[in-house]
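These numbers were taken from a predicted model, which means no experiment stands behind them. Quick note on labels: first sequence line is chain A, next is B, and so on, each numbered from 1. Scope of the values below: all heavy atoms of this structure, side chains included, with no hydrogens, waters or symmetry mates.
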Amino acid sequence: MDVSHILDNLNDDQRNAVTSEKQHLLVLAGAGSGKTRVLVHKIAWEVEALGRNPSSIMAVTFTNKAANEMRSRIEELLQSPMLDSWVGTFHGLSHKLLKRFHKEAGLSSGFTILDSDDQLRIVKRISKDLSLDEATWPARQSQWQINTWKDDGLRSKDVDEKGDFYTETVNKIYKEYEELCIRDDLVDFGELLLKSYEVLINSPSVKDFFQTRFQSILIDEFQDTNTIQYKWLREIASKKANVTAVGDDDQSIYGWRGAKVEHVNSFTDDYKNTEIVRLEQNYRSTNVILNAANALIDNNQDRLGKNLWTEKLEGEQIILYQAYNEQDEARFVADVLKDWMNKGGAYEETAVLYRSNAQSRALEEALLRVSIPYRIYGGLRFYERLEIKNAIAYLKIIFNNKDNPSFERSISNPTRGVGEKTLGKIRQAAKKFNISYIKASAKLIDEGSIGGRGGAGLKDYLEFIIGCKQFIEDNTLSELMELIIKESGLYAYHAKEAGEKGKTRTENLEELITATKNFEQSIKDEKTNVEIAESYLDVISLDSGDRQASEHDDAAQLMTMHSAKGLEFKLVLLTGLEESLFPHGRSMESASQLEEERRLCYVAITRAMEKLYITHAESRRLHGTDTFNPPSRFLREIPKELIDEIRPRAQTNIPYNRKGFNETKMEFEEEIGIALGQKVKHKKFGEGIVLNYEGSGDSARVQVNFDESGTKWLVMAYANLEKL
DNA sequence: ACCTTCTTTCTTTTT
DNA sequence: GAAAGAAGGT
């Protein structure tokens, strides 16, 4: 077979990686060096040149998005569908393993996957039952600790308490939580990995199944693997299997959630006979941008070492703008974007990046003001929204009697007179007879031990669920979804919520019906309605959908630096480069955390293809107070000759960082004659108090909080304010 | 069950 | 300063 098309259009290093004949391969792939390309072509190479069956190849990623993209790119290259292939996320593949070998895992075939919300609620309940005070034992923290233990492969019995009171107490919660999960057939995200790892360890036949089947295993974003994922991989791969790990130690930005870069180092120890290939040619950015990134990351100590280079042009200088405050910064961002557009660019080629989500607000306001379309990443994803979770809870309880978390959620949304008291009785009975909540409630109703409002509500609820179970036999999933939303009272319940909220919620519920319709249509094989519904639940349990709030055809992208990883834009604006914001104040205590911040900065810089802007503000309103932070240390780590510094109008002749913010304020007061807190009167708006001001000369503006009409920005030259 | 008031927290996020 | 969560009252 002619396989040259797989190797064409690859550079030497990429080709070496794809055709490597050593047993194992470690690809250190710099930003923009064609990492996914190598992975995709390597799989195609194994299929076409080595004649392997696609089903003998496993490819692991971290996100569903990455998995889907990889799959479709492979299929495109091979011109054939990847049937029965194990291309997916760590969690998705673990889920598949556990479903297949649920008996070995001690689970029933239809076990429930717990999302972090459900998990938190359970941890809260347990803390309460253990009479732990919420203030000293925040459920969130206990949940985080439990997940950290699971990510490290530790069961409650494995935790070393060291006589430490904190550890002892949280481990008590962990133990209860473990027991509850076993009793109720619940599996959280960390558990998917931990449990499947244990199955591999304890059941030779399962291990044999995987080790015989998979000749080749490839892992993407290897620097992001945590302990349990690495252990899992060690068990899946037989001694004879080929293991390929692709990653970039310089782009490790998830240490705070358990990822261990060290796995990149230990790989060559654990997998002897490994070829290491470095991909250093960058196809994305100009020289200026790459040089800045290289210089910055050079300040980190523990690196495997890599220097990106490009054949691209030198490119334009990085523009550094020192803003007066965050609003000035936002206005500058808007100006730059407008300018990009006016010079023939498209908004969708641009991105505005920031360290924390709170920074997005000022930016949004500025973009809104000058009508620049934008798309913001952040906030809740579709299946994480309250109204959606409520509706899905019904679907889940219909198909799985044992799903207690979904029972609790659906019985109380909408409220139907079944409150904490009745629920307590149900929980008690369920525990006593070792049955599910729904069975326990049916039992209690039959016995007549629940009367009044609670009893009536419960009865209606149970009848509704039974009705739904019959309904799905002869109707489709989307019809059932519609029935649930309309007939359970959920739609009316959310519709009566105040203002915009009610409207968006009901719109989302409508959208959910559409989503189920689309899902039905995407199913090609012969399946019963019940099977379709069950596979729908499987898919959404591990994929919560899109993170975008507003859609727009041509829009500037606003997102955190973390979420920008893996993306690229012609124009990038990096905002808020101030000490304690970025690097973040909480990351400045330890050297390793600081290095992670620097890697984040490296990731952010390397998103830019053509033009990079960096901004920082002298003053910024954070948590309700003005903060004055010096420019980020990362700015000093970028060579001066790559930067072109421009300053705001307000202080054109003030030397960089020589004059503090307070002096600038004084200047304003002298020039305009208005101080903070000054009472003023406006012809139309009445009396108010000066909150803020900015700019100078004709563009000077003040922010006034008017007693009658609220807060407004006014241009001094036109406002005609009268001092009181 | 719902509404109001007080208190707390404020990094990043996938599954 | 705002949002979310808890506590307390009706």
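- Of the candidates B/dT11, B/dT15, C/dG5, the closest approach to any side-chain atom of A/Leu542 belongs to B/dT15.
- The residue among A/Gln593 and A/Lys65 whose nearest nucleotide of DNA chain B lies closer to the 5′ end is A/Gln593.
- Counting only heavy atoms from C-beta on, A/Glu134 has its side chain closest to C/dA6 among B/dT11, B/dT14, C/dA6.
- Two residues are said to be in side-chain contact when any heavy atoms from C-beta on lie closer than 4.5 Å; A/Met58 and A/Leu93 meet this criterion.
- Judged by ring centres under 5.5 Å apart and planes tilted less than 30 degrees, A/His562 fails to stack against the six-membered base ring of B/dT12.
- Distance noted for atom C1' between B/dT12 and C/dG5: 22 Å (whole Å).
- A donor-acceptor pair shorter than 3.5 Å can be found between the side chains of A/Gln119 and A/Gln143.
- In this pair, A/Tyr174 and A/Trp149 present their aromatic rings parallel. The plane angle is below 30°, not in the 30 to 60° band.
- Side chain of A/Ser116, nearest nucleotide from B/dT11, B/dT15, C/dA3: B/dT15.
- The pair A/Lys389-A/Asp115 counts as a salt bridge, with a side-chain nitrogen and a carboxylate oxygen less than 4.0 angstrom apart.
- Of the two residues near DNA chain B, A/Gly92 and A/Ser356, the one whose nearest nucleotide lies more 5' is A/Ser356.
- Contact annotation for A/Arg599: no contact, since no heavy-atom pair falls under 4.0 Å across all strands.
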